[in-house]
2 protein chains.
Amino acid sequence: MGIAERRLRQKEEVRSRILATAWQMVKDDGWQSVSIRKIADAIEYSVPVIYDHFESKEAILMEFGKEAFRLLSKKIQQAKEKSKKPAEQLKAIADAYWHFAVKNKQYYQLMFGLGMQGCEIDKCFPERSEFRKQVMQPITQMIEKSKDPSSNVCLKYHTFWSILHGLISIKFMDNSDISDELNKMVLDDAIEGFIKNLS
Amino acid sequence: MGIAERRLRQKEEVRSRILATAWQMVKDDGWQSVSIRKIADAIEYSVPVIYDHFESKEAILMEFGKEAFRLLSKKIQQAKEKSKKPAEQLKAIADAYWHFAVKNKQYYQLMFGLGMQGCEIDKCFPERSEFRKQVMQPITQMIEKSKDPSSNVCLKYHTFWSILHGLISIKFMDNSDISDELNKMVLDDAIEGFIKNLS
DNA sequence: CTATATTTGCTAACGGTGTTAGGTAAAACG
DNA sequence: CGTTTTACCTAACACCGTTAGCAAATATAG
C-alpha cells in the first residue's frame, strides 16, 4: 500500500518547502521579515496549510534554532578533537564558537538574539545542554589539575560562555567600526586571561 | 502672551502621558506589548495624536533607551567616585553595571536586547559614548602602569564590556535556574581575571 | 465683534500581521 | 458506486503601524 507512503512523502515535501522558503526570508531580510502569508504565497498554497505542518510562526523559526544548536555542537566536537590537552581544547572551542557565530549570524541570532519573547531558551532548546557538556569537560579537567581544585566548574563554564556571548552579541549590535581582526584579538585576549586564571 | 505657553504646557503634558503609559506597558508586559493604539486608548486621545508627538512607535521606545543610558552613566560615575585607584574603579564600575542591569531589566533590554531591527546602537544612542569614556579612563591608567604598556586600550575596553554584557544577556535569557548570587560570583571571577591580566 | 487663519483632534482608511472556523471538492476505501 | 476521510481554500477575526483628509475649536487680525 504505497499510497500512504507517497502521501507522507508529499506532505514531507511541503513541510520542507515551507522551511526552505522561510529560511530564504531569514537570510534575505532577517527573521523579522518572515511571514506566514508570504510563505504561503511562495509555496503556492493557502495560509492554513502551513498550520498543518507547524503550530505557529514561532515554531518554524524554532526549527532553525534547533538546527543551529546541532551544527554548533558538531563544530565544537570537531574543535575538541584537535587536541587532548584541556587548555588547548578550550581555546579551540572558543575559536570554533566565534567562527560559527560570525559565519552563521542568522543562526546565532535565532539561537539567542531575538528577544523571541516567550522562549526560555533551556526549555525551547534542549539541544543547548550538549554544548554545556562539551565545554564543561575540559574545564573540569583543568580545574582538577589546577592550583585551586575547589573552583566551581559551573561557575567557570558560565564565565567562559559569557565572554564568548558578550563579545559576539556586541559585535552584532554595532555592526561596526570595529574590524573582525580586532574582535578576534579581544576574544583571544579574554579567553587567554580566562585560561590563565583557571590553571 | 501666556496662551502659547499654556498650550505648550498642555502639549508637553500629553507627551509625558504617552511616555508614562508606554512605560507602564513595558513594565507590565515587556516592550513587545507596547502598541500605539493601546496608548491612544489609555490617554483618551485618538491614534494620530500620538504622531504629533513622536515620529513612530520606535521613537517612543528609543526615548526610554536614552533615559536608560543617562541613568547608567550616572551610576557609573558614582561608582568611580568611590575610589581613586583604577583597579578598584574598574571593579566598582563592573559592580554598578551589574546592579543597573539587574534592577532595570526593562531598561537594559531596551538598550541592547531587543533586536530592535534597524538600529545601529551607536547612531541611535550617542549617549553610549559617555559610558565608553568612563570605562576607558581607568583602563588607560592601569595599562600605563602595567607590565605591558603597549596593550590596546580599545581592545581591553571591549573585553571588559563583553564580559559584562555576555553575563547579563545570558542571565536574562535563561531566567533561570542560576541564582543571582552565583551570577554575581561569575562576574566577580571574570572581572578579577580581567584586572589581573591587565596589571 | 466678525472674518480669516491656525491649530487640534477626529474618523476612516491602507496595507499589513498571526490565527482559525467552516465549508467544498477531491481522493481513498469498502 | 456510495461513503468516509483527507486536503485545501475562502473568509473572517482581531490585531498592528501609519497616514490622508476633514471638522471643529481656538487664536489672531482687521
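Residue numbers begin at 1 in each chain, while the letters A, B, ... track the order of the sequences. Below, each value reflects all heavy atoms present in this structure, side chains not excepted, and no hydrogens, waters or symmetry copies.
Under 4.0 angstrom from either OP1 or OP2 of C:dG16 there lies no side-chain N or O belonging to A:K38. For A:S46 and D:dC8, the shortest distance from a side-chain N or O to OP1 or OP2 is not below 4.0 Å. Considering only side-chain N and O atoms, B:Y45 lies nowhere under 4.0 angstrom from the phosphate OP1 or OP2 of C:dC10. The phosphate of C:dG18 (OP1 or OP2) has a side-chain N or O of A:S35 nearer than 4.0 angstrom.
Summarising the geometry, the separation between NZ on A:K57 and C1' on D:dC15 is reported as 13 Å, rounded to the nearest angstrom. Between the C1' atom of D:dT18 and the CD atom of B:E55 lies a distance of 12 Å, rounded to the nearest Å. Distance CD (B:Q10) to C1' (D:dA25): 13 Å, rounded to an integer number of Å. Distance A:R9 CZ to D:dT6 P: 19 Å, rounded to the nearest Å. Taking atom CD of A:Q32 as the reference point, atom C1' of C:dG18 lies 15 Å away to the nearest angstrom. Note: CZ (A:R6) to P (D:dT6) measures 14 Å, nearest angstrom. Rounded to a whole Å, the CD1 atom of B:I18 is 13 Å from the P atom of C:dT8. If you take OH of B:Y51 and P of C:dC10, they are 15 Å apart, rounded to a whole angstrom.
Remark: the B:S150 side chain and the B:D148 side chain contain an N/O donor-acceptor pair separated by less than 3.5 Å.
In this structure, B:Y108 and B:F172 have perpendicular ring planes: the angle between them is above 60°, well past the 30° mark.
Contact annotation: the side chain of A:F54 never approaches that of A:M62 to less than 4.5 Å [non-hydrogen atoms, C-beta and beyond].
Around the NZ atom of B:K38, the shell of radius 6.0 Å holds more than 12 heavy atoms that belong to other residues, nucleotides or ligands.
If you check D:dT26, D:dC9, D:dT18 against the side chain of A:V49, the one that comes closest is D:dC9.
Each of B:V14 and A:R37 lies near DNA chain C, and the nucleotide nearest B:V14 is the one positioned closer to the 5' end. Mapping B:V47 and B:R7 onto DNA chain C by nearest heavy atom places B:R7 at the nucleotide closer to the 5' end.
How far CE of A:M111 is from CZ of A:F69: 4.0 Å, rounded to the nearest 0.5 Å.
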